[in-house]
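Notes for the one structure printed next.
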2 protein chains.
Amino acid sequence: MTRPAPFHLPHFLPYLLNQAAEAASQGFQEYYRTRYGMLRTEWRVLFHLGCYGTLSAKEICEKAAIHKTKVSRAVAALENKRLLTRGALAEDRRVEQLDLTAKGQAVFEDLSAAAERFEAELVDGLAPDDLDRLRDNLLHLANLRTGPR
Amino acid sequence: MTRPAPFHLPHFLPYLLNQAAEAASQGFQEYYRTRYGMLRTEWRVLFHLGCYGTLSAKEICEKAAIHKTKVSRAVAALENKRLLTRGALAEDRRVEQLDLTAKGQAVFEDLSAAAERFEAELVDGLAPDDLDRLRDNLLHLANLRTGPR
DNA sequence: TATTGTTATACTCTATAACTATA
DNA sequence: TATAGTTATAGAGTATAACAATA
């Protein structure tokens with residue numbers, strides 16, 4: 001009688017990645033939620049503008065692999081909080097140029113400093129060499145599929 | 001004038017982990033959803049019973065770090081699909097022993113074979129040595145926090 | 001009183017289709 | 001016709017509190 005090789009759940013990459021992602025996001029999530037009442041897509045949009053400067057919604061969609069409906073709602077929420085402004089683009093009036101306000105910039109700076117602190121905690125137990133490889137490998141996995149989100 | 005070090009979003013571990021986890025889960029998720037109409041917590045519960053044998057709901061909660069309300073609903077769904085049975089425990093009648101039915105076992109075997117195939121695709125571009133380290137590092141990150149879920 | 005498990009509820013997240021306006 | 005962005009809606013995921021039954 002043949003028995004199938006036993007499946008070892010804790011080694012299954014999609015499972016392991018989800019557990020690690022949830023654990024790693026926890027602290028930062030609580031920070032931006034309680035401190036600024038922001039949701040996940042909101043901080044992501046804010047960080048894209050903070051890191052890359054002026055962008056259109058579509059450019060954020062492409063860079064972050066987030067669906068346009070999610071970006072649209074996040075932009076509206078950030079606008080209500082006075083963290084960004086929309087500017088018209090003369091050449092193409094369908095496009096809106098998004099920019100952080102001074103307040104948005106300040107929030108970005110606080111959040112990115114917090115992000116650095118959380119990350120420092122996370123990588124505390126990892127060898128620097130491991131960390132580089134980890135990032136490379138995660139990036140490789142993330143890019144295996146580039147679909148709508 | 002001092003400028004803060006620029007924050008590099010694609011290197012931020014919680015972000016990178018989430019992108020990788022989503023991309024990696026995609027294929028398998030579609031498989032168990034379209035083929036068996038199962039949800040995320042359902043396959044996780046099924047796999048715990050398939051991998052470890054008879055368990056109580058509480059034991060699944062602890063092993064998988066899933067909140068008891070989610071496990072409760074997943075167990076009810078799997079029971080409706082005739083994939084598991086509940087048995088009373090004589091010593092403590094609050095506890096229910098959960099076991100896969102023959103059908104549940106068959107589904108587990110099909111899904112775990114599918115999981116192996118998806119994982120093989122994922123790790124295709126990784127050096128075997130990298131993969132071991134990756135698993136170790138992910139496990140380390142996942143265990144930094146063990147909270148309710 | 002504490003524990004196992006269920007139910008109710010609300011909020012966040014995701015996915016899709018239909019829409020407006022501009023091109 | 002196609003593109004940028006919005007709105008509506010439903011389904012999935014998460015979190016919490018209140019509850020029943022048993023210990």
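By convention in this document, chain letters (A, B, ...) are assigned in the order of the sequence lines, proteins followed by strands, and residues within each chain are numbered from 1.
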Checklist entry - In whole Å, what is the span from the NZ atom of A/Lys58 to the P atom of D/dT6? => result 15 Å
Next on the checklist: Please enumerate all residues that pass salt bridge (charged side-chain N to carboxylate O under 4.0 Å, His left out) together with A/Asp136, with sequence neighbours excluded.
Outcome noted: none
Next on the checklist: Using whole Å, what does the distance between atom C1' of nucleotide D/dA12 and atom CD of B/Gln29 come to?
Outcome noted: 9 Å
Checklist outcome for this item: Whether each nucleotide of nucleotides 17-23 of chain C has a protein heavy atom under 4.0 Å at its base (B), only at its sugar-phosphate (S) or at neither (-) is summarised, 5' to 3', as B----BS
Item to check | side-chain contact (heavy atoms from CB on, under 4.5 Å) between A/Leu17 and A/Leu138, worked out | outcome: CA-CA 9 Å; A/Leu17 283 162; A/Leu138 290 175; 3.6 Å; yes
Checklist entry - Between A/Phe7 and A/Phe12, is the ring centre distance below 6.0 Å? => result yes
Next on the checklist: Do B/Lys63 and B/Tyr52 form a cation-pi contact, if we require the NZ or CZ to be under 6.0 Å from the six-membered ring centre and within 45 degrees of the ring's axis?
Outcome noted: yes
Checklist entry - Would you say the side chains of B/Asn18 and A/Arg40 form a donor-acceptor pair under 3.5 Å? => result yes
Item to check | Donor on one side chain, acceptor on other, A/Gln105 and A/Glu109, under 3.5 Å | outcome: yes
Checklist entry - Just how far, in rounded Å, is P of C/dT6 from CD1 of B/Ile60? => result 11 Å
Item to check | Rounded distance (Å) that lies between atom P of D/dA15 and atom CZ of B/Arg40 | outcome: 11 Å
Item to check | Most 5' of B/Arg33 and A/Arg33 on DNA chain D, judged by nearest nucleotide | outcome: B/Arg33
Checklist entry - With ring centroids as reference points, do A/Tyr15 and B/Phe47 lie under 6.0 angstrom apart? => result no
Item to check | Test: A/Glu121 and A/Arg117 ion pair at under 4.0 Å | outcome: no
Checklist entry - For C/dC13, does OP1 or OP2 lie under 4.0 Å from any side-chain N or O of A/Lys70? => result no
Checklist entry - So which nucleotide from D/dA12, C/dT14, C/dT6 ends up closest to the side chain of B/Arg86? => result C/dT6
Item to check | Spacing of A/Arg44 atom CZ relative to C/dT12 atom C1', expressed in whole Å | outcome: 13 Å
Checklist entry - In whole Å, what is the span from the CD1 atom of B/Ile66 to the C1' atom of D/dT16? => result 17 Å
Checklist outcome for this item: Here the residues of residues 72-80 of chain B within 4.0 Å heavy-atom distance, strictly under, of DNA chain D are none
Checklist entry - Rounded to the Å, how far apart are A/Asn18 CG and D/dG13 P? => result 11 Å
Item to check | A/Gln97 backbone acceptor or donor facing A/Thr54 side chain under 3.5 Å | outcome: no
Checklist outcome for this item: Separation of D/dA15 atom C1' from A/Glu30 atom CD, nearest Å, is 13 Å
